[in-house]
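I have placed the structure first, in the form of C-alpha coordinates, so that the comments after it can refer back to it.
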Amino acid sequence: MDKAAFEAMPRGRFHRIREIKDEYVDPAILEKVSLNYVKKNKVMPLKVNDGHLLVALSGARGIFTVAELERITGYPVRPVFADEGVVNDAINRFFDRLSGSAKDVMDGLGAESLDALSNTWDEPKDLIDLADEAPIIKLLNSLLFKAVKDRASDIHIEPYEKEVEVRFRIDGVLYPVLTPPKSIQEALTSRVKIMAGLDIAEKRLPQDGKIRLLVAGKDVYVRVSVIPTSYGERTVLRLLDRKAEIISLDRLGLNPGQVSTFEGLLARSSGIILVTGPTGSGKTTTLYSAINGINSTVRNIITVEDPVEYQLKGIGQVHVNPRIGLTFASGLRSILRQDPDVIMVGEIRDRETAEIAIQASLTGHLVLSTLHTNDTSSAVTRLVDMGIEPFLVASSVSGILAQRLVRVLCPACKKGYAPSDSEARLFRTPPKSLYSSGGCERCFQTGYHGRSGIFEFLVPGPDLRPLILRNQDADTIRRHALSKGLKTMMEDGLEKAALGITSLEEVLRVTREDGD
(Lines give C-alpha, C1' and ligand atoms only; values in the text may rest on other atoms or scores of the structure.)
Protein backbone atom coordinates (compact mmCIF):
# COMPACT_ATOMS: atom_id res chain seq x y z
CA MET A 1 0.00 0.00 0.00
CA ASP A 2 1.46 3.36 -0.95
CA LYS A 3 1.40 6.41 1.32
CA ALA A 4 -1.59 8.00 -0.43
CA ALA A 5 -3.73 4.87 -0.11
CA PHE A 6 -2.75 4.47 3.53
CA GLU A 7 -3.52 8.08 4.38
CA ALA A 8 -6.85 7.87 2.54
CA MET A 9 -8.07 5.08 4.81
CA PRO A 10 -10.29 6.28 7.69
CA ARG A 11 -8.67 5.94 11.06
CA GLY A 12 -9.43 6.91 14.58
CA ARG A 13 -11.67 5.73 17.35
CA PHE A 14 -14.97 6.28 15.53
CA HIS A 15 -14.12 5.20 11.97
CA ARG A 16 -15.07 1.85 10.45
CA ILE A 17 -13.90 -0.11 7.39
CA ARG A 18 -16.12 -2.57 5.52
CA GLU A 19 -13.45 -4.91 4.17
CA ILE A 20 -9.78 -5.79 4.59
CA LYS A 21 -8.09 -6.03 1.21
CA ASP A 22 -4.86 -7.88 0.46
CA GLU A 23 -2.96 -4.63 -0.10
CA TYR A 24 -3.86 -3.46 3.42
CA VAL A 25 -1.90 -6.29 5.08
CA ASP A 26 1.83 -6.84 5.51
CA PRO A 27 2.60 -10.57 6.14
CA ALA A 28 5.81 -9.62 7.94
CA ILE A 29 3.78 -7.85 10.64
CA LEU A 30 1.56 -10.91 11.12
CA GLU A 31 4.60 -13.00 12.00
CA LYS A 32 5.04 -10.85 15.12
CA VAL A 33 1.68 -11.92 16.63
CA SER A 34 0.19 -15.35 17.22
CA LEU A 35 -3.01 -16.69 15.69
CA ASN A 36 -4.42 -17.39 19.17
CA TYR A 37 -3.83 -13.80 20.22
CA VAL A 38 -5.61 -12.14 17.30
CA LYS A 39 -8.54 -14.58 17.44
CA LYS A 40 -8.99 -14.14 21.18
CA ASN A 41 -8.88 -10.34 20.99
CA LYS A 42 -10.66 -9.95 17.63
CA VAL A 43 -7.94 -7.73 16.14
CA MET A 44 -6.22 -7.73 12.76
CA PRO A 45 -2.83 -5.97 12.32
CA LEU A 46 -2.59 -4.40 8.88
CA LYS A 47 0.37 -2.41 7.56
CA VAL A 48 3.01 0.07 8.71
CA ASN A 49 3.30 3.47 7.09
CA ASP A 50 5.05 6.58 8.37
CA GLY A 51 6.04 4.64 11.46
CA HIS A 52 2.48 3.78 12.51
CA LEU A 53 0.75 0.39 12.46
CA LEU A 54 -2.87 0.38 11.32
CA VAL A 55 -4.94 -2.19 13.27
CA ALA A 56 -8.55 -3.27 12.64
CA LEU A 57 -10.44 -3.72 15.92
CA SER A 58 -13.72 -5.52 16.47
CA GLY A 59 -15.78 -4.03 19.27
CA ALA A 60 -14.83 -1.77 22.14
CA ARG A 61 -12.87 -4.58 23.77
CA GLY A 62 -10.14 -4.14 21.14
CA ILE A 63 -9.21 -0.72 22.54
CA PHE A 64 -7.55 -2.46 25.48
CA THR A 65 -5.24 -4.37 23.12
CA VAL A 66 -3.74 -1.25 21.54
CA ALA A 67 -1.07 -0.84 24.19
CA GLU A 68 -0.33 -4.56 24.08
CA LEU A 69 0.08 -4.52 20.31
CA GLU A 70 2.39 -1.52 20.55
CA ARG A 71 4.53 -3.51 22.98
CA ILE A 72 4.46 -6.68 20.86
CA THR A 73 5.13 -5.07 17.47
CA GLY A 74 7.21 -2.09 18.55
CA TYR A 75 5.08 0.36 16.53
CA PRO A 76 2.61 3.02 17.65
CA VAL A 77 -0.88 1.85 16.70
CA ARG A 78 -3.57 3.68 14.75
CA PRO A 79 -6.91 1.84 15.24
CA VAL A 80 -9.93 1.53 12.96
CA PHE A 81 -13.09 -0.45 13.62
CA ALA A 82 -14.46 -3.33 11.54
CA ASP A 83 -17.31 -5.77 12.00
CA GLU A 84 -16.38 -8.98 13.79
CA GLY A 85 -17.12 -11.02 10.66
CA VAL A 86 -14.75 -8.86 8.59
CA VAL A 87 -11.96 -9.27 11.14
CA ASN A 88 -12.52 -13.04 11.48
CA ASP A 89 -12.53 -13.46 7.71
CA ALA A 90 -9.24 -11.58 7.42
CA ILE A 91 -7.67 -13.60 10.24
CA ASN A 92 -8.66 -16.89 8.64
CA ARG A 93 -7.58 -15.75 5.19
CA PHE A 94 -4.16 -14.30 5.97
CA PHE A 95 -3.02 -16.56 8.81
CA ASP A 96 -3.92 -19.60 6.69
CA ARG A 97 -1.38 -18.40 4.13
CA LEU A 98 1.24 -18.18 6.85
CA SER A 99 0.55 -21.65 8.20
CA GLY A 100 0.71 -23.25 4.76
CA SER A 101 -1.62 -25.27 2.61
CA ALA A 102 -2.47 -28.97 2.72
CA LYS A 103 0.25 -29.56 0.14
CA ASP A 104 2.80 -28.00 2.50
CA VAL A 105 1.69 -30.47 5.15
CA MET A 106 2.18 -33.34 2.70
CA ASP A 107 5.65 -32.08 1.89
CA GLY A 108 6.40 -32.35 5.61
CA LEU A 109 5.80 -36.10 5.48
CA GLY A 110 9.34 -37.19 4.76
CA ALA A 111 10.47 -40.49 3.25
CA GLU A 112 11.17 -42.00 6.64
CA SER A 113 7.66 -41.22 7.89
CA LEU A 114 6.09 -42.66 4.73
CA ASP A 115 8.11 -45.86 5.05
CA ALA A 116 6.99 -46.22 8.64
CA LEU A 117 3.37 -45.83 7.56
CA SER A 118 3.54 -48.23 4.64
CA ASN A 119 5.13 -51.05 6.65
CA THR A 120 2.55 -51.30 9.43
CA TRP A 121 -0.80 -51.88 7.75
CA ASP A 122 -1.56 -55.38 9.09
CA GLU A 123 -2.03 -54.66 12.79
CA PRO A 124 -5.12 -52.71 13.86
CA LYS A 125 -3.25 -51.38 16.88
CA ASP A 126 -0.64 -49.89 14.59
CA LEU A 127 -3.37 -48.23 12.55
CA ILE A 128 -4.70 -46.54 15.66
CA ASP A 129 -1.22 -45.35 16.51
CA LEU A 130 -0.64 -44.13 12.98
CA ALA A 131 -3.96 -42.33 12.88
CA ASP A 132 -2.83 -40.40 15.97
CA GLU A 133 0.53 -39.43 14.44
CA ALA A 134 1.04 -35.66 14.18
CA PRO A 135 1.52 -35.54 10.36
CA ILE A 136 -1.77 -37.37 9.69
CA ILE A 137 -3.68 -35.24 12.21
CA LYS A 138 -2.14 -32.11 10.76
CA LEU A 139 -3.01 -33.17 7.19
CA LEU A 140 -6.68 -33.86 7.98
CA ASN A 141 -7.02 -30.70 10.07
CA SER A 142 -5.49 -28.71 7.24
CA LEU A 143 -7.92 -30.24 4.73
CA LEU A 144 -10.90 -29.42 6.97
CA PHE A 145 -9.72 -25.86 7.51
CA LYS A 146 -9.08 -25.29 3.82
CA ALA A 147 -12.48 -26.78 2.92
CA VAL A 148 -14.28 -24.39 5.26
CA LYS A 149 -12.24 -21.43 4.04
CA ASP A 150 -12.88 -22.30 0.38
CA ARG A 151 -16.66 -22.72 0.98
CA ALA A 152 -16.53 -26.43 0.08
CA SER A 153 -19.64 -28.48 0.81
CA ASP A 154 -17.90 -31.87 0.56
CA ILE A 155 -14.45 -33.44 0.87
CA HIS A 156 -13.93 -36.57 -1.25
CA ILE A 157 -11.02 -38.89 -0.38
CA GLU A 158 -10.86 -41.33 -3.29
CA PRO A 159 -8.44 -44.29 -3.44
CA TYR A 160 -7.14 -45.60 -6.76
CA GLU A 161 -4.61 -48.24 -7.75
CA LYS A 162 -1.45 -46.18 -7.22
CA GLU A 163 -2.60 -42.97 -5.58
CA VAL A 164 -5.25 -41.23 -3.52
CA GLU A 165 -7.07 -38.16 -4.80
CA VAL A 166 -8.66 -35.52 -2.58
CA ARG A 167 -11.31 -33.31 -4.16
CA PHE A 168 -13.50 -30.49 -2.85
CA ARG A 169 -17.01 -29.79 -4.08
CA ILE A 170 -17.33 -26.01 -4.37
CA ASP A 171 -20.52 -24.46 -5.74
CA GLY A 172 -21.67 -27.91 -6.85
CA VAL A 173 -18.55 -28.78 -8.89
CA LEU A 174 -15.68 -31.05 -7.83
CA TYR A 175 -12.12 -29.68 -7.97
CA PRO A 176 -8.88 -31.66 -7.36
CA VAL A 177 -7.03 -30.36 -4.31
CA LEU A 178 -4.37 -32.86 -3.35
CA THR A 179 -2.88 -36.21 -4.38
CA PRO A 180 -1.29 -37.78 -1.27
CA PRO A 181 0.78 -40.97 -1.57
CA LYS A 182 -1.03 -44.31 -1.54
CA SER A 183 0.96 -45.38 1.51
CA ILE A 184 -0.89 -43.03 3.89
CA GLN A 185 -4.34 -43.97 2.61
CA GLU A 186 -5.33 -46.28 5.46
CA ALA A 187 -3.89 -44.04 8.16
CA LEU A 188 -5.84 -41.06 6.79
CA THR A 189 -9.06 -43.09 6.58
CA SER A 190 -8.50 -44.43 10.09
CA ARG A 191 -8.05 -40.90 11.42
CA VAL A 192 -11.40 -39.90 9.90
CA LYS A 193 -13.03 -42.99 11.42
CA ILE A 194 -11.65 -42.25 14.87
CA MET A 195 -12.97 -38.69 14.74
CA ALA A 196 -16.38 -39.95 13.55
CA GLY A 197 -16.60 -42.73 16.15
CA LEU A 198 -16.53 -45.53 13.55
CA ASP A 199 -14.96 -49.01 13.70
CA ILE A 200 -11.51 -48.74 12.12
CA ALA A 201 -11.15 -52.54 11.97
CA GLU A 202 -14.28 -52.90 9.80
CA LYS A 203 -13.28 -52.44 6.16
CA ARG A 204 -15.81 -54.67 4.39
CA LEU A 205 -19.04 -52.79 5.13
CA PRO A 206 -20.17 -49.18 4.58
CA GLN A 207 -20.18 -46.99 7.68
CA ASP A 208 -21.74 -43.62 8.49
CA GLY A 209 -20.79 -41.26 11.27
CA LYS A 210 -20.56 -37.62 12.25
CA ILE A 211 -18.01 -35.16 13.58
CA ARG A 212 -18.62 -31.88 15.39
CA LEU A 213 -15.82 -29.36 14.94
CA LEU A 214 -14.97 -25.73 15.52
CA VAL A 215 -13.19 -24.68 12.33
CA ALA A 216 -12.09 -21.10 11.72
CA GLY A 217 -14.54 -19.92 14.38
CA LYS A 218 -17.47 -21.81 12.81
CA ASP A 219 -19.45 -24.61 14.42
CA VAL A 220 -19.21 -27.24 11.66
CA TYR A 221 -21.16 -30.51 11.58
CA VAL A 222 -19.49 -33.12 9.36
CA ARG A 223 -21.40 -36.13 8.03
CA VAL A 224 -18.99 -38.95 7.25
CA SER A 225 -19.65 -41.77 4.78
CA VAL A 226 -17.14 -44.60 4.23
CA ILE A 227 -17.69 -47.32 1.63
CA PRO A 228 -15.40 -50.19 0.52
CA THR A 229 -14.09 -50.11 -3.07
CA SER A 230 -11.67 -52.18 -5.11
CA TYR A 231 -8.70 -50.03 -4.05
CA GLY A 232 -9.63 -49.35 -0.44
CA GLU A 233 -12.19 -47.35 1.45
CA ARG A 234 -13.65 -44.26 -0.18
CA THR A 235 -14.52 -41.45 2.24
CA VAL A 236 -16.81 -38.47 1.77
CA LEU A 237 -17.16 -35.74 4.40
CA ARG A 238 -20.19 -33.44 4.07
CA LEU A 239 -19.65 -30.08 5.79
CA LEU A 240 -22.58 -28.18 7.28
CA ASP A 241 -22.25 -24.86 9.11
CA ARG A 242 -24.85 -25.39 11.85
CA LYS A 243 -25.01 -21.69 12.65
CA ALA A 244 -25.13 -20.46 9.07
CA GLU A 245 -27.58 -17.69 8.37
CA ILE A 246 -30.90 -18.90 6.95
CA ILE A 247 -31.39 -16.60 3.98
CA SER A 248 -34.75 -15.12 3.07
CA LEU A 249 -36.84 -16.28 0.10
CA ASP A 250 -36.00 -13.23 -2.03
CA ARG A 251 -32.28 -14.00 -1.69
CA LEU A 252 -32.65 -17.57 -2.94
CA GLY A 253 -33.12 -16.35 -6.51
CA LEU A 254 -36.93 -16.21 -6.58
CA ASN A 255 -38.27 -13.20 -8.47
CA PRO A 256 -40.65 -10.79 -6.67
CA GLY A 257 -43.75 -12.42 -8.20
CA GLN A 258 -42.66 -15.89 -7.07
CA VAL A 259 -41.84 -14.63 -3.58
CA SER A 260 -45.27 -13.02 -3.30
CA THR A 261 -47.01 -16.23 -4.44
CA PHE A 262 -44.93 -18.39 -2.09
CA GLU A 263 -45.61 -16.11 0.89
CA GLY A 264 -49.32 -16.22 0.07
CA LEU A 265 -49.27 -20.03 0.23
CA LEU A 266 -47.30 -19.94 3.49
CA ALA A 267 -49.93 -17.65 5.01
CA ARG A 268 -52.58 -20.35 4.60
CA SER A 269 -53.54 -22.56 7.51
CA SER A 270 -53.66 -25.79 5.45
CA GLY A 271 -52.50 -27.40 2.23
CA ILE A 272 -49.25 -29.01 1.14
CA ILE A 273 -46.37 -27.18 -0.55
CA LEU A 274 -43.85 -29.36 -2.38
CA VAL A 275 -40.29 -28.46 -3.38
CA THR A 276 -38.89 -30.77 -6.06
CA GLY A 277 -35.54 -31.41 -7.68
CA PRO A 278 -32.62 -33.86 -7.64
CA THR A 279 -30.21 -34.30 -4.74
CA GLY A 280 -28.12 -31.16 -4.22
CA SER A 281 -30.56 -28.76 -5.85
CA GLY A 282 -31.14 -26.71 -2.68
CA LYS A 283 -34.58 -28.06 -1.71
CA THR A 284 -33.83 -28.20 2.02
CA THR A 285 -32.45 -24.65 2.01
CA THR A 286 -35.68 -23.44 0.42
CA LEU A 287 -37.78 -25.21 3.05
CA TYR A 288 -35.68 -23.75 5.88
CA SER A 289 -36.06 -20.27 4.39
CA ALA A 290 -39.82 -20.77 4.16
CA ILE A 291 -40.40 -21.96 7.73
CA ASN A 292 -37.93 -19.43 9.12
CA GLY A 293 -39.96 -16.69 7.44
CA ILE A 294 -43.21 -17.78 9.11
CA ASN A 295 -41.69 -18.73 12.47
CA SER A 296 -43.44 -16.87 15.28
CA THR A 297 -44.59 -17.36 18.85
CA VAL A 298 -48.20 -17.91 17.72
CA ARG A 299 -47.37 -20.89 15.51
CA ASN A 300 -46.29 -24.37 16.56
CA ILE A 301 -43.82 -25.58 13.91
CA ILE A 302 -42.37 -29.10 13.99
CA THR A 303 -40.06 -30.76 11.46
CA VAL A 304 -39.09 -34.36 10.71
CA GLU A 305 -35.68 -34.44 9.01
CA ASP A 306 -32.92 -36.83 7.97
CA PRO A 307 -30.68 -35.37 9.29
CA VAL A 308 -31.37 -32.06 11.06
CA GLU A 309 -28.98 -29.84 9.09
CA TYR A 310 -29.60 -26.43 10.69
CA GLN A 311 -30.80 -25.56 14.18
CA LEU A 312 -33.76 -23.18 14.16
CA LYS A 313 -34.76 -21.41 17.38
CA GLY A 314 -38.40 -21.86 18.36
CA ILE A 315 -38.96 -24.87 16.09
CA GLY A 316 -39.18 -28.51 17.18
CA GLN A 317 -36.89 -30.61 15.01
CA VAL A 318 -37.05 -34.43 14.98
CA HIS A 319 -34.10 -36.43 13.62
CA VAL A 320 -35.15 -39.58 11.73
CA ASN A 321 -33.46 -42.78 12.92
CA PRO A 322 -34.61 -45.86 10.98
CA ARG A 323 -32.43 -48.17 13.12
CA ILE A 324 -34.81 -47.70 16.04
CA GLY A 325 -37.95 -47.48 13.93
CA LEU A 326 -38.16 -43.67 13.82
CA THR A 327 -38.99 -43.18 10.13
CA PHE A 328 -40.54 -40.20 8.35
CA ALA A 329 -43.95 -41.90 8.57
CA SER A 330 -43.76 -42.81 12.27
CA GLY A 331 -42.26 -39.44 13.19
CA LEU A 332 -44.95 -37.60 11.22
CA ARG A 333 -47.69 -39.66 12.85
CA SER A 334 -46.31 -38.85 16.30
CA ILE A 335 -45.90 -35.10 15.82
CA LEU A 336 -49.52 -34.81 14.72
CA ARG A 337 -50.32 -35.48 18.40
CA GLN A 338 -48.26 -32.39 19.32
CA ASP A 339 -50.93 -30.00 17.98
CA PRO A 340 -48.72 -28.49 15.24
CA ASP A 341 -49.76 -25.61 12.98
CA VAL A 342 -46.97 -26.16 10.45
CA ILE A 343 -45.20 -29.42 9.64
CA MET A 344 -42.05 -29.84 7.57
CA VAL A 345 -41.28 -33.35 6.31
CA GLY A 346 -37.74 -33.65 4.99
CA GLU A 347 -38.75 -35.93 2.14
CA ILE A 348 -41.78 -37.92 0.99
CA ARG A 349 -40.21 -41.28 0.14
CA ASP A 350 -43.07 -43.77 0.32
CA ARG A 351 -46.82 -44.18 0.23
CA GLU A 352 -47.26 -44.19 4.01
CA THR A 353 -45.48 -40.86 4.46
CA ALA A 354 -47.36 -39.37 1.51
CA GLU A 355 -50.74 -40.49 2.88
CA ILE A 356 -50.11 -39.03 6.34
CA ALA A 357 -48.80 -35.75 4.87
CA ILE A 358 -51.80 -35.42 2.56
CA GLN A 359 -54.28 -36.19 5.35
CA ALA A 360 -52.52 -33.70 7.64
CA SER A 361 -52.80 -30.99 4.98
CA LEU A 362 -56.53 -31.70 4.61
CA THR A 363 -57.21 -31.51 8.37
CA GLY A 364 -56.00 -28.01 9.13
CA HIS A 365 -52.20 -28.27 8.93
CA LEU A 366 -49.80 -26.50 6.60
CA VAL A 367 -47.34 -29.13 5.33
CA LEU A 368 -44.05 -28.51 3.52
CA SER A 369 -42.01 -31.31 2.00
CA THR A 370 -39.75 -32.37 -0.87
CA LEU A 371 -39.98 -34.86 -3.72
CA HIS A 372 -37.31 -36.15 -6.09
CA THR A 373 -38.81 -35.18 -9.45
CA ASN A 374 -37.39 -33.18 -12.34
CA ASP A 375 -40.22 -30.66 -12.74
CA THR A 376 -43.48 -29.48 -11.22
CA SER A 377 -45.90 -31.57 -13.29
CA SER A 378 -44.01 -34.79 -12.50
CA ALA A 379 -44.63 -34.21 -8.78
CA VAL A 380 -48.35 -34.67 -9.29
CA THR A 381 -47.96 -37.99 -11.11
CA ARG A 382 -45.34 -39.16 -8.59
CA LEU A 383 -47.85 -38.86 -5.75
CA VAL A 384 -50.43 -40.78 -7.78
CA ASP A 385 -47.82 -43.44 -8.60
CA MET A 386 -47.20 -43.82 -4.86
CA GLY A 387 -50.82 -44.81 -4.43
CA ILE A 388 -52.43 -41.49 -3.49
CA GLU A 389 -55.90 -41.04 -4.99
CA PRO A 390 -55.99 -38.28 -7.63
CA PHE A 391 -58.85 -36.46 -5.85
CA LEU A 392 -56.72 -36.23 -2.69
CA VAL A 393 -53.80 -34.79 -4.67
CA ALA A 394 -56.05 -32.27 -6.42
CA SER A 395 -57.61 -31.06 -3.19
CA SER A 396 -54.46 -30.93 -1.02
CA VAL A 397 -51.53 -29.69 -3.15
CA SER A 398 -51.48 -25.89 -3.06
CA GLY A 399 -48.13 -25.26 -4.74
CA ILE A 400 -45.16 -27.03 -6.35
CA LEU A 401 -41.75 -25.40 -6.69
CA ALA A 402 -39.14 -27.11 -8.88
CA GLN A 403 -35.58 -25.81 -8.67
CA ARG A 404 -31.94 -26.17 -9.64
CA LEU A 405 -28.80 -24.35 -8.57
CA VAL A 406 -26.62 -22.39 -11.00
CA ARG A 407 -23.25 -20.93 -10.18
CA VAL A 408 -23.11 -17.14 -9.86
CA LEU A 409 -20.51 -15.32 -11.92
CA CYS A 410 -17.70 -13.81 -9.87
CA PRO A 411 -18.34 -10.03 -9.94
CA ALA A 412 -14.62 -9.33 -9.81
CA CYS A 413 -13.73 -11.08 -13.07
CA LYS A 414 -16.86 -11.69 -15.19
CA LYS A 415 -16.61 -10.47 -18.77
CA GLY A 416 -19.33 -9.13 -21.05
CA TYR A 417 -19.67 -10.11 -24.70
CA ALA A 418 -22.14 -9.81 -27.55
CA PRO A 419 -24.27 -12.97 -27.94
CA SER A 420 -23.97 -14.98 -31.15
CA ASP A 421 -26.98 -15.59 -33.38
CA SER A 422 -27.49 -19.10 -32.00
CA GLU A 423 -27.34 -17.80 -28.42
CA ALA A 424 -29.70 -14.92 -29.16
CA ARG A 425 -32.30 -17.32 -30.55
CA LEU A 426 -32.65 -18.94 -27.13
CA PHE A 427 -34.21 -15.74 -25.75
CA ARG A 428 -37.65 -14.31 -26.39
CA THR A 429 -36.05 -10.87 -26.33
CA PRO A 430 -32.34 -11.22 -27.16
CA PRO A 431 -30.14 -9.27 -24.72
CA LYS A 432 -27.54 -6.83 -25.99
CA SER A 433 -24.83 -8.54 -23.94
CA LEU A 434 -24.17 -11.73 -22.00
CA TYR A 435 -21.43 -12.54 -19.52
CA SER A 436 -18.82 -15.27 -19.30
CA SER A 437 -16.64 -16.53 -16.47
CA GLY A 438 -13.13 -15.20 -16.12
CA GLY A 439 -10.97 -16.30 -13.23
CA CYS A 440 -9.26 -14.52 -10.35
CA GLU A 441 -7.87 -15.14 -6.87
CA ARG A 442 -11.22 -14.45 -5.20
CA CYS A 443 -13.00 -17.27 -7.07
CA PHE A 444 -9.95 -19.62 -7.16
CA GLN A 445 -9.73 -19.16 -10.96
CA THR A 446 -13.13 -20.81 -11.49
CA GLY A 447 -14.97 -17.69 -12.65
CA TYR A 448 -17.83 -18.35 -10.21
CA HIS A 449 -18.50 -17.42 -6.59
CA GLY A 450 -21.60 -18.77 -4.87
CA ARG A 451 -24.83 -20.19 -6.27
CA SER A 452 -28.38 -19.04 -6.94
CA GLY A 453 -31.58 -20.89 -7.69
CA ILE A 454 -33.57 -21.07 -10.89
CA PHE A 455 -37.19 -22.00 -10.40
CA GLU A 456 -40.42 -23.27 -11.91
CA PHE A 457 -43.47 -22.52 -9.76
CA LEU A 458 -46.80 -24.26 -10.39
CA VAL A 459 -49.90 -23.33 -8.39
CA PRO A 460 -52.72 -25.72 -9.36
CA GLY A 461 -55.83 -23.67 -10.12
CA PRO A 462 -59.45 -24.55 -10.95
CA ASP A 463 -58.52 -25.19 -14.60
CA LEU A 464 -55.72 -27.64 -13.71
CA ARG A 465 -57.40 -29.65 -10.97
CA PRO A 466 -59.78 -31.44 -13.40
CA LEU A 467 -56.74 -32.81 -15.25
CA ILE A 468 -55.34 -34.16 -11.98
CA LEU A 469 -58.74 -35.70 -11.12
CA ARG A 470 -58.74 -37.49 -14.49
CA ASN A 471 -55.23 -38.81 -13.72
CA GLN A 472 -53.66 -37.20 -16.79
CA ASP A 473 -49.97 -37.84 -17.44
CA ALA A 474 -47.23 -35.36 -16.58
CA ASP A 475 -46.76 -34.18 -20.19
CA THR A 476 -50.43 -33.25 -20.51
CA ILE A 477 -50.38 -31.38 -17.21
CA ARG A 478 -47.18 -29.59 -18.24
CA ARG A 479 -48.51 -28.54 -21.66
CA HIS A 480 -51.62 -27.14 -20.02
CA ALA A 481 -49.57 -25.25 -17.42
CA LEU A 482 -47.34 -23.80 -20.14
CA SER A 483 -50.40 -22.62 -22.06
CA LYS A 484 -51.46 -20.76 -18.92
CA GLY A 485 -48.13 -18.95 -18.61
CA LEU A 486 -45.93 -21.29 -16.54
CA LYS A 487 -42.33 -20.05 -16.64
CA THR A 488 -39.90 -22.96 -16.98
CA MET A 489 -36.60 -23.25 -15.14
CA MET A 490 -34.73 -22.66 -18.38
CA GLU A 491 -36.63 -19.43 -19.00
CA ASP A 492 -35.89 -18.33 -15.44
CA GLY A 493 -32.23 -19.19 -15.98
CA LEU A 494 -32.10 -17.26 -19.25
CA GLU A 495 -33.44 -14.20 -17.46
CA LYS A 496 -30.66 -14.49 -14.88
CA ALA A 497 -28.08 -14.91 -17.67
CA ALA A 498 -29.38 -11.75 -19.38
CA LEU A 499 -29.02 -9.88 -16.07
CA GLY A 500 -25.40 -11.04 -15.73
CA ILE A 501 -26.07 -13.13 -12.60
CA THR A 502 -24.86 -16.34 -14.26
CA SER A 503 -23.55 -17.44 -17.63
CA LEU A 504 -25.56 -18.93 -20.47
CA GLU A 505 -23.22 -21.91 -20.42
CA GLU A 506 -24.11 -22.58 -16.78
CA VAL A 507 -27.86 -22.33 -17.42
CA LEU A 508 -27.64 -24.80 -20.31
CA ARG A 509 -25.46 -27.16 -18.27
CA VAL A 510 -28.08 -27.37 -15.53
CA THR A 511 -31.32 -27.32 -17.52
CA ARG A 512 -30.42 -29.46 -20.52
CA GLU A 513 -29.76 -32.39 -18.20
CA ASP A 514 -33.55 -32.53 -17.83
CA GLY A 515 -34.34 -31.99 -21.47
CA ASP A 516 -35.75 -28.48 -21.02
Side-chain angles (χ1 to χ4, degrees), residues 172 249 252-255 258-259 261-263 265-266 271-291 303-306 309 328 332 343-351 353-358 360-361 366-388 390 392-394 396-406 451-461 464-465 467-468 471-482 484 486-493 507 510-516:
L249 289 172
L252 292 175
L254 291 161
N255 64 44
Q258 291 170 330
V259 171
T261 302
F262 205 163
E263 289 177 341
L265 297 179
L266 292 170
I272 183 167
I273 302 172
L274 297 172
V275 181
T276 75
T279 301
S281 59
K283 301 186 298 297
T284 302
T285 299
T286 299
L287 289 183
Y288 274 119
S289 298
I291 63 172
T303 73
V304 187
E305 306 171 58
D306 183 20
E309 295 189 3
F328 277 115
L332 181 53
I343 301 167
M344 187 187 98
V345 184
E347 182 185 347
I348 294 178
R349 295 177 179 174
D350 51 48
R351 177 178 177 175
T353 306
E355 285 180 339
I356 301 171
I358 294 286
S361 70
L366 179 64
V367 180
L368 294 86
S369 191
T370 69
L371 273 178
H372 283 286
T373 62
N374 286 333
D375 54 35
T376 53
S377 54
S378 298
V380 174
T381 55
R382 176 63 59 84
L383 290 173
V384 175
D385 290 342
M386 285 181 176
I388 305 301
L392 290 175
V393 177
S396 63
V397 175
S398 54
I400 307 170
L401 182 72
Q403 67 179 73
R404 299 291 185 278
L405 293 176
V406 293
R451 289 191 289 179
S452 179
I454 57 174
F455 301 92
E456 176 181 300
F457 204 172
L458 175 64
V459 179
L464 185 60
R465 296 190 190 278
L467 297 180
I468 300 175
N471 197 17
Q472 295 291 327
D473 59 68
D475 288 339
T476 301
I477 294 173
R478 184 171 181 79
R479 284 196 299 270
H480 179 82
L482 290 171
K484 297 297 182 180
L486 175 70
K487 180 192 290 184
T488 67
M489 278 183 287
M490 185 171 186
E491 289 173 334
D492 191 36
V507 173
V510 171
T511 58
R512 283 187 171 172
E513 293 174 355
D514 304 319
D516 273 350

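Nothing here was measured: the structure is a model prediction, and the numbers come from that model.
- Side-chain contact between Asp492 and Val507: absent, with no pair of heavy atoms (C-beta onward) separated by less than 4.5 Å.
- Minimum interatomic distance between Gly282 and Leu405 (heavy atoms only, all atoms of both residues): N-CD1, 3.9 Å.
- Shown here for Leu332 and Thr353, the closest heavy-atom pair between the two residues is CD2-O, 3.9 Å.
- Taking each heavy atom of Pro390 and Ile468 in turn, the nearest pair found is CB-O, 3.3 Å.
- At least one side-chain heavy atom of Asn374 sits less than 4.5 Å from a side-chain heavy atom of Arg404.
- The structure places CD of Glu305 at 8.0 Å from CZ of Phe328, a figure rounded to the nearest 0.5 Å.
- The shortest non-hydrogen separation linking Ala474 to Thr381 is N-CG2, 3.5 Å.
- Atom CG of Leu254 sits about 9.5 Å away from atom CD of Glu263, to the nearest 0.5 Å.
- To the nearest 0.5 Å, atom CD of residue Glu347 and atom OG of residue Ser369 are 7.5 Å apart.
- In this structure, the separation between OG1 on Thr286 and CD1 on Ile273 is 12.0 Å, given to the nearest 0.5 Å.
- Side-chain atoms of Leu371 and Met386, non-hydrogen and from C-beta on, do get closer than 4.5 Å to each other.
- Closest approach of Thr373 to Asp375, counting heavy atoms only: OG1-O, 3.2 Å.
- Side-chain atoms of Thr488 and Arg478, non-hydrogen and from C-beta on, do get closer than 4.5 Å to each other.
- When side chains are defined from C-beta on, Leu383 counts as touching Val397, because their heavy atoms get closer than 4.5 Å.
- Under a 3.5 Å cut-off, the side chain of Ser398 and the backbone N or O of Ile272 do form a donor-acceptor pair.
- Tested against Phe457, the residues Asn255, Val259, Leu265 include a single side-chain contact (heavy atoms from CB on, under 4.5 Å) partner, Leu265.
- The shortest side-chain heavy-atom distance between Leu464 and Ile477 falls under the 4.5 Å cut-off.
- In this structure, the side chain of Arg382 engages the main chain of His372 through a donor-acceptor pair within 3.5 Å.
- Between the NZ atom in Lys283 and the CG atom in Leu401 there is a gap of 11.5 Å [rounded to 0.5 Å].
- Atoms NZ and CG, on Lys484 and Leu458 in that order, are 13.0 Å from each other to the nearest 0.5 Å.
- Formation of a donor-acceptor pair under 3.5 Å by the Glu456 side chain with backbone atoms of Leu486 is not found in this model.
- Contact between Leu266 and Leu249 at its shortest, heavy atoms only, is CD1-CD1, 4.1 Å.
- No side-chain donor-acceptor contact under 3.5 Å links Ser361 to the backbone of Val367.
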